[in-house]
Amino acid sequence: MAGTAPIPAEQLREVLGPVLPWLREEAERPPRTVLGAAVKTTARWLAQQVPGRSVEVRVPPFVAVQCIEGPRHTRGTPPNVVETDAATWLRLVCGLLTWDDAVAGGTVAASGNRADLAAVLPLRPFRSGPPA
């Protein structure tokens, strides 16, 4: 993510605000642009906070980022991949769902010995709980 301005924690809160009622099952799914902004911003924040190229995090159709230091992937399918849907990703990011529960429930596919994001999720601004 070289050359990209750091994403402030306040921006994370701003993009998550409109999707939180949906994540808590209190409202309908937000518009695709709103959902996409939340997914992209949070995934890019993770990549900035935990830089590297050993794990690819995919949240189709919105974003794929590489993060976590370690052996660099250069061609083909990376050996360490995390893939999930937008709702699961955002629930993990803000602490509404734990990594272990998401993996056990089958809503996260994690392959490779570095593809465990439990240590970095929820994102640091939300470690004490999801935004209000």
Side-chain angles (χ1 to χ4, degrees):
M1 305 246 9
T4 302
I7 298 167
E10 186 54 40
Q11 187 175 348
L12 291 179
R13 290 181 187 90
E14 287 174 13
V15 298
L16 280 172
V19 301
L20 280 173
W22 173 64
L23 296 174
R24 293 180 174 134
E25 299 179 356
E26 300 168 350
E28 296 295 316
R29 181 183 172 111
R32 180 180 168 90
T33 55
V34 172
L35 186 56
V39 170
K40 290 173 189 175
T41 303
T42 55
R44 290 176 181 154
W45 195 89
L46 174 68
Q48 287 179 348
Q49 298 301 307
V50 191
R53 295 192 172 263
S54 70
V55 177
E56 185 164 291
V57 177
R58 300 174 181 168
V59 186
F62 299 107
V63 72
V65 297
Q66 291 184 350
C67 57
I68 315 283
E69 287 188 20
R72 183 179 176 174
H73 153 70
T74 56
R75 292 178 42 172
T77 301
N80 301 288
V81 176
V82 172
E83 187 164 337
T84 190
D85 61 278
T88 300
W89 170 252
L90 293 171
R91 287 183 179 115
L92 286 166
V93 159
C94 65
L96 294 172
L97 178 65
T98 68
W99 176 261
D100 291 339
D101 287 346
V103 171
T107 57
V108 167
S111 62
N113 61 356
R114 294 178 172 272
D116 182 340
L117 300 181
V120 296
L121 293 173
L123 297 181
R124 191 176 30 204
F126 310 117
R127 297 254 167 108
S128 61

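If you're wondering where the values come from, they're calculated on a predicted model, not measured in any experiment.
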Problem set entry | Pairwise distance CZ(F126) to CG(L96) - rounded to 0.5 angstrom | 10.0 Å

Exercise. Under a single-linkage definition using a 4.5 Å side-chain heavy-atom cutoff for Ile, Leu, Val, Met, Phe, Trp and Tyr, are V81 and F62 assigned to the same hydrophobic cluster?
Worked result: no

For this session: For A64 and R58, work out which heavy atoms get closest and say how close.
Result: CB-CG, 4.1 Å

Exercise. Which pair of non-hydrogen atoms, one from P21 and one from P18, has the smallest distance, and what is that distance?
Worked result: CD-O, 3.9 Å

Problem set entry | Joint hydrophobic cluster, V15 plus V57, side-chain heavy atoms closer than 4.5 Å | no

Exercise. Roughly how far apart are L123 CG and T41 OG1, rounded to 0.5 Å?
Worked result: 11.0 Å

Exercise. Roughly how far, to the nearest 0.5 Å, is the SG atom of C67 from the CD atom of E56?
Worked result: 9.5 Å

Exercise. Which atom names give the shortest non-hydrogen contact between E83 and P60, and what distance separates them?
Worked result: OE2-CG, 3.4 Å

Exercise. Quick one: CD on Q11 to OG1 on T42, what's the gap to the nearest 0.5 Å?
Worked result: 10.5 Å

For this session: Determine whether R13 and P125 make a side-chain contact, defined as any pair of heavy atoms from C-beta on separated by less than 4.5 Å.
Result: yes

For this session: Keeping the roles fixed (side chain from T107, backbone from A102), state whether a donor-acceptor pair exists under 3.5 Å.
Result: yes

Problem set entry | Q66 vs V55 side-chain heavy atoms within contact, under 4.5 Å | no

Exercise. Which pair of non-hydrogen atoms, one from A110 and one from W99, has the smallest distance, and what is that distance?
Worked result: CB-CZ2, 3.9 Å

Seminar exercise, completed: Nearest heavy-atom approach of W89 to V59 is CG-CG2, 3.8 Å

Exercise. Okay, side chain of R44, backbone of V65: is any donor-acceptor separation there less than 3.5 Å?
Worked result: no

Exercise. Roughly how far apart are W22 CH2 and L90 CG, rounded to 0.5 Å?
Worked result: 6.5 Å

Exercise. Hey, quick one: are V108 and L117 part of the same hydrophobic cluster, counting side-chain heavy atoms closer than 4.5 Å, chains of contacts allowed?
Worked result: yes

Exercise. Is there a chain of hydrophobic side chains (I, L, V, M, F, W, Y, each step under 4.5 Å between heavy atoms) that links L20 to L97?
Worked result: yes

Problem set entry | Contact check, side chains of V82 and D116, non-hydrogen atoms, under 4.5 Å | no

Exercise. What pair of heavy atoms forms the shortest contact from L23 to C94, and how long is it?
Worked result: CD1-SG, 4.3 Å

For this session: Would you please name every residue forming a side-chain contact (heavy atoms from CB on, under 4.5 Å) with V50, sequence neighbours left out?
Result: L46, I68, V120

Problem set entry | Check: V93 and W45 side chains under 4.5 Å, non-hydrogen atoms | no

Exercise. Rounded to the nearest 0.5 Å, how far does NZ of K40 lie from CD1 of I7?
Worked result: 12.0 Å

Exercise. Any chance CD of E26 has more than 12 other-residue heavy atoms, nucleotides or ligands included, within less than 6.0 Å?
Worked result: yes

